Amino acid sequence: MRYILLVFLAFITATQTLKSQILPERDRASLIDKILADRFDHVLPDIMDRTGIDMWILITREYNEDPVVKTMLPSTWLNARRRTILVFSYDDTKFKAEKLAVARYNIGDNITSAWDKEEEPDQWKALIKIIEVHNPEKIALNYSENYGIADGISKTDYDAFMNVLPSSFKSKVVSAEPLAVGWIETRSAVEMQLFEELVGITHTIIQEAFSSKVIIPGKTTTEDVVWFLRQKVTDMGLETWFHPTIDIQRSDEPLENHIKAFTNHNEGQVILPGDLLHCDFGISYLRLNTDVQEHAYVLKDGETQAPQFLVDAFAKGNQVQDIFTSNFETGKTGNMILKESLTEAKAEGLRPSIYTHPLGLYGHSAGPTIGMWDSQDGVPGTGDYKLFENTAYAIELNTTVNISEWNKDIRIMLEEDGFWGPKGFKYINKRQEELILVD
């Protein structure tokens with residue numbers, strides 16, 4: 001990859017501030033715009049060079065925004081305006097992408113308006129003029145069978161564009177899927193600094209939720225903890241991209257199947273001593289998203305630690321994580337990594353299920369899908385996408401463990417955010433290696 005990871009000194013102060021407090025809205029906006037400028041200057045040309053696409057056209061309309069366009073808008077633009085058309089033209093001799101908007105306005109400081117409506121009243125004709133001047137080899141539009149995030153052009157806009165596009169260019173129109181996915185999945189060095197802090201905040205909130213500050217055994221319900229998480233996020237000035245869940249496994253209840261487990265059918269159960277708790281929780285901040293699942297044990301009277309059989313079971317979850325992440329390799333597809341990991345884990349006597357997804361600008365983001373809970377033989381399309389460097393993932397999986405003391409199976413369900421880069425795999429902000437204890 002030709003992309004060089006850059007760290008701007010101007011960002012460091014803001015990153016350090018994040019450790020002690022969430023940034024005010026004005027400071028957030030400034031940081032978002034600086035990150036976006038960095039991505040336009042370095043991530044965009046790198047991905048256009050890698051995919052061999054020399055012109056990328058994104059067409060969207062206000063309140064019906066293309067998911068990719070939403071990640072390109074400046075901090076003060078909460079939506080597109082009217083019909084917004086972005087044109088990125090790549091010059092491989094300069095390793096630079098020209099950024100134009102066929103719109104009445106500049107798109108922040110990064111994308112320059114290239115349409116004078118008084119001179120050319122027709123927006124489509126203004127777009128065609130830009131295409132003719134640049135004479136690209138490929139014209140990429142955001143349509144994709146595999147990725148909803150990369151399928152942002154509406155039928156209305158696609159038809160209108162193809163109707164005005166000169167016949168000499170029609171054969172050059174291609175799907176922007178590899179370019180759109182590359183833009184969405186690639187993380188900059190500055191983003192990763194912030195991501196580490198954000199995952200740390202996520203862990204801290206979970207620690208508080210799974211504590212005596214929140215849980216009174218015999219009184220507190222799982223729904224009480226869920227709404228604590230939601231309120232905590234709001235009070236901190238953050239957001240969450242999905243409604244959190246809290247569920248229980250205990251000795252006198254059978255193990256749920258995956259469908260029931262993922263629909264959280266036992267909402268509102270009272271938490272009791274001896275319960276094995278599980279959470280699924282994530283937050284959104286500075287256009288990044290986290291996704292974490294961890295376990296806690298509710299101590300019984302007289303206990304100072306979790307029973308050894310649960311400690312041992314939890315260790316098997318970490319073991320599956322280690323097997324799985326050891327199979328990461330640039331150029332492998334998600335399906336390849338899935339197959340190798342499941343085969344190796346089963347050979348070691350484990351009963352794993354892997355359903356890891358890309359993470360970053362979206363929670364369930366674009367990139368290689370590495371299994372789904374109901375597709376353990378591979379995922380057509382998104383599972384065939386290759387692993388690239390400088391990408392982040394929710395390392396989501398579980399392993400089923402028989403607990404003779406409870407005369408049943410339990411499921412250790414873990415999800416920790418990880419990064420794949422030039423130096424290999426690492427957890428963005430550590431991982432859970434011990435059960436959280438609720439006394």
Side-chain angles (χ1 to χ4, degrees), residues 206-207 209-212 215-218 220-222 225 245-280 292-326 338 340-356 371-374 376-377 395-416 431-439:
I206 292 173
Q207 287 279 346
F210 282 157
S211 76
S212 58
I215 297 175
I216 301 174
T220 305
T221 69
T222 53
V225 182
T245 60
I246 302 290
D247 54 82
I248 298 172
Q249 295 181 85
R250 53 174 56 133
S251 60
D252 59 351
E253 295 182 1
L255 178 67
E256 300 171 336
N257 62 34
H258 279 92
I259 293 178
K260 288 184 178 180
F262 290 142
T263 54
N264 195 36
H265 85 288
N266 59 355
E267 295 177 352
Q269 278 189 304
V270 176
I271 297 170
L272 301 173
D275 283 347
L276 179 64
L277 305 180
H278 165 263
C279 72
D280 191 354
V292 175
Q293 295 181 44
E294 296 191 340
H295 283 282
Y297 175 73
V298 185
L299 294 169
K300 297 179 180 179
D301 287 343
E303 287 183 326
T304 58
Q305 59 186 13
Q308 190 61 43
F309 59 83
L310 290 182
V311 172
D312 293 341
F314 186 85
K316 291 184 178 181
N318 284 157
Q319 185 181 356
V320 176
Q321 288 176 323
D322 291 339
I323 291 169
F324 174 53
T325 58
S326 71
L338 174 68
E340 292 170 359
S341 301
L342 290 176
T343 299
E344 185 177 341
K346 290 174 182 178
E348 295 193 20
L350 300 167
R351 290 188 282 167
S353 179
I354 296 172
Y355 33 95
T356 284
M372 292 184 176
W373 65 266
D374 55 353
Q376 290 295 285
D377 292 327
I395 305 300
E396 185 176 10
L397 46 77
N398 73 60
T399 188
T400 301
V401 183
N402 183 263
I403 302 297
S404 59
E405 290 82 355
W406 286 2
N407 193 31
K408 59 173 285 189
D409 286 341
I410 67 167
R411 191 175 291 121
I412 300 298
M413 297 169 282
L414 299 175
E415 186 171 18
E416 295 288 358
R431 66 170 177 177
Q432 184 183 17
E433 296 185 343
E434 295 180 350
L435 291 167
I436 300 169
L437 300 179
V438 183
D439 55 22

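If you're wondering where the values come from, they're calculated on a predicted model, not measured in any experiment.
- For Asp322, the salt bridge (Lys or Arg N to Asp or Glu O under 4.0 Å) partners two or more places apart in sequence, or in a different chain, are Arg431.
- Rounding to the nearest 0.5 Å gives a distance of 6.0 Å between CD1 of Ile436 and CZ of Phe210.
- Shown here for Leu299 and Pro273, the closest heavy-atom pair between the two residues is O-CB, 3.7 Å.
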Could you give me the CA-CA distance, side-chain angles and deciding distance for Asp247 and Thr222, then say whether side chain to side chain contact (heavy atoms under 4.5 Å, CB included) is met?
CA-CA 7 Å; Asp247 54 82; Thr222 53; 6.0 Å; no

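- A donor-acceptor distance shorter than 3.5 angstrom exists from the side chain of Thr356 to the backbone of Glu396, with no hydrogens or angles considered.
- Rounded to the nearest 0.5 angstrom, Ile215 CD1 and Ile246 CD1 are separated by 7.0 Å.
- Between Ile354 and the options Ile323, Ile395, Leu338, a side-chain contact (heavy atoms from CB on, under 4.5 Å) holds for only Leu338.
- The distance from the CD atom of Glu344 to the OG atom of Ser326 is 5.0 Å, given to the nearest 0.5 Å.
- Taken to the nearest 0.5 Å, the CD atom of Gln432 stands 3.5 Å off from the CZ atom of Phe314.
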Val292 vs Glu416, side chain to side chain contact (heavy atoms under 4.5 Å, CB included): CA-CA, chis, key distance, verdict
CA-CA 5 Å; Val292 175; Glu416 295 288 358; 3.9 Å; yes

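- Nearest heavy atom pair, residue Asp280 against residue Glu415, reads OD1-OE1, 3.5 Å.
- Between the side chains of Asn398 and Tyr355, at least one donor N or O lies within less than 3.5 Å of an accepting N or O.
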Tell me, with the steps shown, if Val225 and Ile271 meet side chain to side chain contact (heavy atoms under 4.5 Å, CB included).
CA-CA 10 Å; Val225 182; Ile271 297 170; 3.9 Å; yes

Side chain to side chain contact (heavy atoms under 4.5 Å, CB included) evaluation trace for Leu310 with Trp406:
CA-CA 10 Å; Leu310 290 182; Trp406 286 2; 4.3 Å; yes

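- By the neighbour-count criterion of 12 heavy atoms within 6.0 Å, atom CG of Asp252 is densely surrounded, having more than that number from other residues, nucleotides or ligands.
- Residues Thr221 and Gln269 form no side-chain contact, since every pair of their non-hydrogen atoms from C-beta on lies 4.5 Å or further apart.
- Across all non-hydrogen atoms, the minimal contact from Leu272 to Asp275 is N-OD2, 2.7 Å.
- Listed by first then second residue, pairs satisfying salt bridge (charged side-chain N to carboxylate O under 4.0 Å, His left out) with a partner in residues 296-312 number zero, not counting sequence neighbours.
- For the side-chain contact (heavy atoms from CB on, under 4.5 Å) with Leu414, the qualifying choice from His295, Glu294, His278 is His295, the only one to do so.
- Sparse packing is recorded around CG of Asp377, with 12 or fewer heavy atoms of other residues, nucleotides or ligands lying under 6.0 Å away.
- When all heavy atoms are compared, the tightest approach of Leu342 to Pro352 is CD2-CG, 3.8 Å.
- In this structure, Lys408 contributes its side chain and Arg250 its backbone to a donor-acceptor pair below 3.5 Å.
- Taking all atoms of both residues into account, the shortest heavy-atom contact from Asn318 to Glu433 is OD1-CA, 3.4 Å.
- A distance of 6.0 Å separates CD1 in Ile248 from CG in Leu277, rounded to the nearest 0.5 Å.
- The two residues Ala306 and Leu437 make their nearest non-hydrogen contact at N-CD2, 3.9 Å.
- Partners of Phe324 according to the ring-ring contact (aromatic ring centres under 6.0 Å, His included) rule, which considers only residues two or more places apart in sequence or in another chain, are Phe328.
- In this structure, Ile412 CD1 and Gln319 CD are separated by 12.5 Å, a value rounded to the nearest 0.5 Å.
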